[in-house]
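The figures here come from the full heavy-atom set of this structure, side chains too, leaving out hydrogens, waters and symmetry mates. Letters A, B, ... mirror the listed sequences (proteins, then strands); counts begin at 1.
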Amino acid sequence: MIELKINGQLTKLDVSEDMPLLWALRDVAKLTGSKYGCGKGICGACTVHIDGQAMRSCITPMSYAQGKSITTIEGLAEQGDHPVQQAWQDLKVAQCGYCQTGQIMSAAALLANNPNPSDADINGAMAGNICRCGTYPRIRAAIKQAAKANKAGAQS
Amino acid sequence: MIQKISRRKFLQSTGLASGTLMLGVQFSPLMAKTTTPNSFQPDVFVSMDETGQVTIISHRSEMGQGIRSTLPLLVADELEADWNRVTVKQALGDAKYGSQNTDGSRSVRKNYQKLKEAGAIMRTLLQQAAAKVWSVPVDQVRIENHQAIHQDQRLDFKELVKIASTLEVPARDALTLKTADQYRYVAQPNMANIDGHEIITGSAVYGYDVELDGMKYAVIARPPVVFGTVKSVDSTETMKVPGVIKVVQLPALTPPAMFKMLGGVAVIAENTWAAIQGRDKLKIEWDHGANASYSTQDHEAVFIKALEDPQEVVRSRGDMAQAQSAAAKTITADYHVAGLAHATMEPPAATARINGDRVEVWACTQTPQASQRNVMGTLQIPQENAANVEINVTLLGGGFGRKSKPDFVAEAAFLANETKLPVKVLWTREDEIKHGYYHSPSYQKLAATLDAKNRVTSWYHAMVNHPISATFDPSARTAGSTDLGQGDMMFEVPNIKIALGETDTFMRIGWVRSVTNINNVFAASSFVDELAHAAGQDPKDFLLQLIGSDRTEDFEADGFKYSNYGEPAAQYPAETSRLKHVIELAAAKAKWGQELPDGTGMGIAAWRSFLTYIAVVVKVSTQGNRVKLEDVHMAVDAGQILNPDRVISQMEGSLIFGASLAFYGEITAKNGVIEQGNFDDYQMSRINQIPDVHVHLVDSDAIPTGVGEPGLPPVAPAICNAIFAANGQRHRRLPMKDLQLV
Ligand code: FES
Ligand code: FES
């Protein structure tokens with residue numbers, strides 16, 4: 001049994017220590033919002049937050065996740081209204097949408113650490129997330145919009 | 001199975017309504033609504049329940065092109081429905097909807113009329129029902145936003161459903177359809193993506209995400225070489241992996257490959273990880289078969305030889321020899337585009353369950369009906385029992401043609417039947433890259449003559465590749481058609497020869513987004529640029545001149561049987577004025593002709609493909625072997641635009657898809673085995689390499705055409721032409737491995 005916090009809930013999963021977190025989330029905890037794209041840490045589709053940091057769950061073994069606090073796309077915001085999610089909706093970023101949960105998790109972590117990212121900061125944080133459909137220009141625009149919304153929110 | 005409000009129902013029907021799956025999953029209020037059986041269904045595409053809730057069927061697959069957010073607009077608009085009272089439901093595979101093949105950029109043009117009619121039929125019946133209630137002539141009843149109106153009286157649709165359902169369905173030619181200026185949803189710039197909220201909250205269900213009660217997970221060790229077979233398998237170590245349940249050998253594949261299973265050995269387990277580990281531990285001895293003789297590198301010589309004397313002449317005009325002897329200049333160039341894989345972000349996945357004599361399937365398929373036939377073929381289910389095979393279509397995490405080949409669906413059905421367990425077959429990324437239906441490597445020879453005034457007097461374009469048809473008929477040795485980007489060129493030249501070379505095929509070949517337009521338009525549009533420079537003219541002006549006079553292209557006159565994407569030429573003529581217009585539009589928006597700093601350049605390319613006219617202008621800056629895409633303008637004439645935002649997003653996607661294949665896309669085989677396997681050796685462009693893409697839509701009242709594919713063909717040549725303008729380097733081979741996209 002491996003114990004960890006998933007989206008705020010203490011959870012025990014009966015999985016082996018070497019199982020990547022991605023498969024434990026998807027197949028055992030039945031949280032399928034985190035996606036498989038490469039299994040090697042090179043596409044970002046599986047991105048989750050581990051103790052607040054964006055990480056690739058496909059190459060994170062359960063032995064590492066043990067005792068940590070995991071946030072998946074399902075737990076990013078109760079109503080799915082995190083500023084990043086809202087900006088994504090507004091600008092209709094998604095095409096097929098498959099990569100977008102990973103993109104959103106990477107973007108949310110970026111903004112949490114850097115509320116006002118430059119283009120270079122966005123590139124740096126998001127270059128690990130592939131979108132085969134090609135939504136990059138909208139991802140960039142949505143991150144900027146979310147940053148603005150955050151600022152407005154903080155001022156009011 | 002995707003129905004906007006029915007994920008909950010989906011979970012119930014699969015026995016998973018409660019329990020861990022709900023953990024953390026948020027439902028929007030819309031999703032919480034329940035449906036009652038719909039009593040009023042005057043057309044297969046639309047029905048209404050007693051509360052007035054409208055259900056519109058999406059019979060085409062959603063793979064990112066936005067079809068679920070587009071086709072229903074036509075029905076709702078004609079019906080004058082309140083969009084908030086519309087549910088979009090994904091169709092099962094069923095011939096009653098007509099073709100459901102979501103490929104060829106044809107969902108819009110094939111369904112535009114009949115979906116308008118579906119909405120109008122229901123609207124007409126509701127109008128007649130209201131006239132009956134009020135005892136007034138039908139033409140005194142107005143229908144507006146889910147209501148019938150007569151003077152100051154109003155009735156909601158829900159109050160008319162019962163009566164309307166008793167009336168006779170009107171004939172299609174008796175319907176009054178809306179004109180473009182009457183649309184409220186169609187053509188609006190800001191219609192929401194119907195699956196948008198599910199996507200951003202992670203609750204959208206893709207093929208990879210299907211969960212059934214008691215379901216097991218399977219991965220398959222497929223023969224490394226197509227038509228290879230299993231000589232022996234030792235699964236002792238595999239069975240020791242905790243969670244592994246079973247090892248099942250699949251039947252060997254025999255030619256033709258079609259959509260049949262590739263064969264190999266499946267490992268079925270309690271979770272994906274156990275299945276992957278179990279597969280790693282299989283000890284399989286393979287017989288690689290005849291295709292092990294094939295190596296991409298060695299075959300290049302065969303291709304090039306085949307190109308010297310291409311036997312199949314498909315389009316010919318004038319007298320090439322005469323043009324040659326009268327020429328002031330003769331220019332030739334050879335081009336090559338490497339093999340390509342689809343690399344859909346979601347690899348193929350399918351789930352099947354055997355339920356008595358029924359087979360239920362959930363899959364990210366572009367072709368539910370072909371999937372159904374494929375399952376029937378695999379399990380030897382006779383045609384009369386077709387209704388026993390139920391194909392539920394999930395969302396697709398990208399398609400690009402890969403998911404119109406339902407080999408993976410057959411695998412799931414086979415394994416479910418063998419084990420009598422619900423089984424989800426998951427392809428890993430390596431599986432997807434190594435066992436695909438590839439875009440063939442191709443070789444092309446272009447030649448042209450110029451007269452003393454630098455006018456083009458002849459055009460020659462020969463191409464050789466492994467034909468797609470070989471996947472279905474192993475005796476096929478040429479592409480068979482030059483309709484996609486080769487014979488369909490719209491240049492006003494007195495002498496023309498378009499030809500195909502022959503070769504054998506050693507792997508599964510399949511259509512990838514825009515098919516042979518990728519390589520043909522790359523070669524032709526690069527060559528036009530080469531000719532412009534040889535003539536000392538501006539490439540944009542030269543291109544416009546080459547297209548020449550305003551006319552409807554008459555391909556038949558050159559003895560060319562052009563399929564025109566399956567549409568009559570009279571209805572969808574190839575018009576040079578439209579092609580020239582997008583060129584001028586893109587050039588003007590990009591400020592073509594402006595002074596640019598050293599090392600910076602602009603390139604242009606334009607083509608009509610899938611009946612849509614597209615021009616692309618790319619600006620690049622270069623520094624040594626480093627290339628930066630600075631700016632992109634795309635002009636699109638796709639007739640009437642039904643969902644502008646989704647058209648724009650398809651263009652953005654095409655640019656990025658094109659950048660990936662221009663700089664990275666290369667599938668190679670060695671001894672029959674594909675050498676690439678993941679995004680490290682089959683790379684994709686990344687966010688830091690992509691500029692903003694400016695898309696300009698031509699306002700048109702022509703019949704709408706598709707946009708999923710036609711944006712792609714001009715992208716790579718526009719990039720290459722821009723690089724030439726920037727630094728004088730001509731790139732005739734894709735991918736440009738010696739360059740670094742920054
Ligand atoms: S699936 Fe984890 S990075 Fe690709
Ligand atoms: S939206 Fe399809 S891969 Fe990103």
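Heavy-atom pairs under 4.5 Å with chain B were tallied for A:I104, A:I130, A:D119; the largest tally goes to A:I130. Interface remark: of the candidates B:I656, B:I200, B:I687, B:I687 forms the most heavy-atom pairs closer than 4.5 Å to chain A. Heavy-atom pairs under 4.5 Å with chain B peak, among A:P137, A:C43, A:C96, A:G8, at A:C96. Of all the listed residues (B:I276, B:V693, B:I199), the one sharing the greatest number of non-hydrogen pairs under 4.5 Å with chain A is B:I199. By number of non-hydrogen pairs under 4.5 angstrom with chain B, the leading residue of A:G39, A:A24, A:G134 is A:G134. Chain B forms more heavy-atom pairs under 4.5 Å with one residue of A:P20, A:G124, A:S34, A:S16 than with any other, namely A:P20. Note on B:T344, B:N271, B:D645, B:I433: by heavy-atom pairs under 4.5 Å with chain A, the leading option is B:D645. Interface check for chain A: of the options B:R513, B:Q65, B:E430, the most heavy-atom pairs under 4.5 Å are formed by B:E430. Each of B:S649, B:G398, B:A274, B:G243 has some count of heavy-atom pairs under 4.5 Å with chain A, and the biggest count is that of B:S649. With respect to chain A, the highest number of heavy-atom pairs below 4.5 Å among B:M684, B:Q689, B:M215 belongs to B:M684.
Atom NZ of A:K68 is surrounded by more than 12 heavy atoms from other residues, nucleotides or ligands within 6.0 Å.
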Take B:D431 and B:R279 through the salt bridge (charged side-chain N to carboxylate O under 4.0 Å, His left out) test and state the conclusion after the steps.
CA-CA 12 Å; B:D431 297 339; B:R279 179 173 71 172; 2.9 Å; yes

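Only the backbone of B:A192 comes within contact range of chain A, with heavy atoms under 4.5 Å apart. With a 4.5 angstrom heavy-atom cutoff, B:S69 does not touch chain A via any of its atoms. Neither the backbone nor the side chain of A:L76 comes within contact range of chain B; no heavy atom of the residue lies under 4.5 Å from a heavy atom of that chain. Both the backbone and the side chain of A:D18 come within contact range of chain B, each with at least one heavy atom under 4.5 Å from a heavy atom of that chain. Using a 4.5 Å cut-off between heavy atoms, B:M191 touches chain A through its backbone atoms (N, CA, C, O) alone. Within the 4.5 angstrom heavy-atom criterion, only backbone atoms of B:M63 (N, CA, C, O) approach chain A. Both the backbone and the side chain of A:K92 come within contact range of chain B, each with at least one heavy atom under 4.5 Å from a heavy atom of that chain. Neither the backbone nor the side chain of B:E270 comes within less than 4.5 Å of any heavy atom in chain A. Within the 4.5 angstrom heavy-atom criterion, only side-chain atoms of B:Y206, from C-beta onward, approach chain A. Heavy atoms closer than 4.5 Å to chain B are found in both the backbone and the side chain of A:Q85. Proximity to chain A (any heavy atom under 4.5 Å) is shown, for B:I67, by neither the backbone nor the side chain.
Of all non-hydrogen atoms in A:V84 and A:A107, the two that sit nearest each other are CG1-CB, 4.0 Å.
Here the side chain of B:K424 pairs a donor or acceptor atom with the backbone of B:Y208 at under 3.5 angstrom. Side chain of B:N688 to main chain of A:A127: no donor-acceptor pair is present (N/O by atom type, distance under 3.5 Å, no hydrogens or angles). Under a 3.5 Å cut-off, the side chain of B:Q90 and the backbone N or O of B:R60 do form a donor-acceptor pair. Distance alone, capped at 3.5 Å, places no donor-acceptor pair between the B:R402 side chain and the B:G436 backbone. Looking only at distances, no side-chain donor or acceptor of A:Y98 sits under 3.5 Å from a matching main-chain atom of A:C133. For A:E74 (side chain) and A:G33 (main-chain N/O), a donor-acceptor pair under 3.5 Å exists by modelled atom type.
Taking the six-membered ring where the residue is Trp, the centroids of A:Y36 and A:W23 are separated by under 6.0 Å.
Taking the side chain as every heavy atom from C-beta outward, A:I70 and A:N7 never approach each other to under 4.5 Å.
For the residue pair A:Q9/A:T11, the side-chain donor-acceptor check at 3.5 Å is not satisfied. In this model, no donor atom of one side chain and acceptor atom of the other lie less than 3.5 Å apart for A:Q103 and A:T135.
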